[in-house]
Amino acid sequence: MNSFRRIEDADFKGKRVLLRVDLNVPMQDGQVADATRIEEVTPTILEIADQGGKVILLSHFGRPKNGPDPKYSLRRVVPEVARIVQRPVAFAEDCIGPTAEAAIAAMKDGDILCLENTRFHPGEEKNDLDFATKLAALGDIFVDDAFSAAHREHAANTSIVTVSGMPAYPGRAMRAELDALAKAFETPQHPVAAIVGGAKISTKLDLLGHLLVKVETLIIGGAMANTFLVALGKKIGKSLVELELVQSARDIMAKAKSLHREIVLPVDVVVAEKLEANVPSRVVGIDQIGDGDMILDIGPRTVEHVVSVLARTKTLVWNGPFGAFEVEPFDNGTTAVAEAVAELTTAGKLVSFAGGGDTVAALNVAGVTLRLSHVSTAGGAFLESLEGKTLPGVKVLRLNGG
Ligand code: 3PG
Ligand code: MG
């Protein structure tokens, strides 16, 4: 970590500290459904505040398309931040301009303020230099604790630094992520397996091709597996699928074959007529899926097979749940695998790294988060790191710019 500044060496007293965090947390019924990302940045928030820095939280939230939208307001997240840091957290209805300036001018040393969603301005995602200059003008020091957003080349985590030249530091959580990734991917113990699942199929299929080069075994779960099953000619009823990606799935399987990599797909699944809590469901083999069936989880034989693969694995990288884990009982498959991963890790037989908002939530449901080697709160940033990409948000924090 020699090439990064260390917050231990910073002097925050009386300074306006722009702290980039990732408050893009899952919500349910207007409430924060999983606060892991808030908990992770709490030590950095308190460290700066306790040194008399004015903590100005900068974050995006969701993917608003047309400017301010109450649905994507960070106002709804602020009470949860205040509850977790156990301090008052003020809120400003805009992240630049007079509203933000007035709120910052009213801060005393040690105060905490959260600015409104940076994505309410189109300049954020466009990485617009004028917008970045306006953001940078609000602070004296930049600290980035949002590893999970570091793969986005957006104003509030890249050009905010480059346009201003202000001193930029990785926060505590960012540093922990970078340290763990270095340990995991520079010299992993082989064999390495990856579990890739979840619903963001189209954003991950490309990545699977790259992962194949790095890992001996690729275990595919979640809705993504359905696309592979279709590629194998299976009937999947009403299950979620991306038909336009079936050819990509075929290409990945062909590549796996030529590289002598193993791809593990479900051999049995839990199906129901619809995704609803405690709806009647049954276990079927992948050749018995009916027209009205929807695949919502992996079945017990698949769990057994995955666990047997993990028993001969030394390093595991996991992103994405196996089933619709947020709806009971479709969390069973993910939970069973998670428990096996935790046991193997605790026994010293497996080094386990997991990442992704949904993955973290699923591991929390399973209650095993603390028993894995490292759990990253990042999704895309975690996987892009695994691909060996340099994340733009990490690059600007390096002292040598590289
Ligand atoms: C995430 O949750 O993946 C990060 O906060 C980045 O959000 P994005 O995928 O909408 O850019
Ligand atoms: Mg994302």
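Counting starts at 1 for both ligands and their atoms, in listed order.
Neither the backbone nor the side chain of E125 has any atom closer than 4.0 Å to an atom of ligand 1 (non-hydrogen atoms only). Residue contacts with ligand 1, taken as heavy atom pairs separated by less than 4.0 Å, involve R119 solely via side-chain atoms from C-beta onward.
Ligand 1 places these atoms under 4.0 Å from at least one heavy atom of R63: 8 (P), 9 (O), 10 (O). The contact set between ligand 1 and R152, taken as ligand atoms under 4.0 Å from a residue heavy atom, comprises 8 (P), 9 (O), 11 (O). Residue-ligand proximity, D22 to ligand 1, at heavy-atom distances under 4.0 Å covers atoms 4 (C), 5 (O). The distance from ligand 1 to the heavy atoms of S148 drops below 4.0 Å at these ligand atoms: 4 (C), 6 (C).
Aromatic ring pairs are classed by plane angle as parallel below 30°, tilted from 30° to 60° and perpendicular above 60°; the pair F353 and H374 is tilted.
Checked for salt-bridge contact, R20 and D145 miss the test: no charged N lies under 4.0 Å from a carboxylate O. A salt bridge links E80 to R83: one of the charged nitrogens lies within less than 4.0 Å of a carboxylate oxygen.
Each salt bridge (Lys or Arg N to Asp or Glu O under 4.0 Å) pair with one or both residues in residues 324-336, not counting sequence neighbours, would appear here, but there are none.
Note on ligand 1: H60 sits in its first shell, one or more heavy atoms being nearer than 4.0 Å.
Taking H121 as the reference, F131 meet the ring-ring contact (aromatic ring centres under 6.0 Å, His included) condition, with sequence neighbours excluded.
Taken from CG in D297 to CG in D268, the straight-line distance is 9.5 Å, to the nearest 0.5 Å.
Checked by distance only, ligand 1 and R37 come closer than 3.5 Å through their nitrogen or oxygen atoms.
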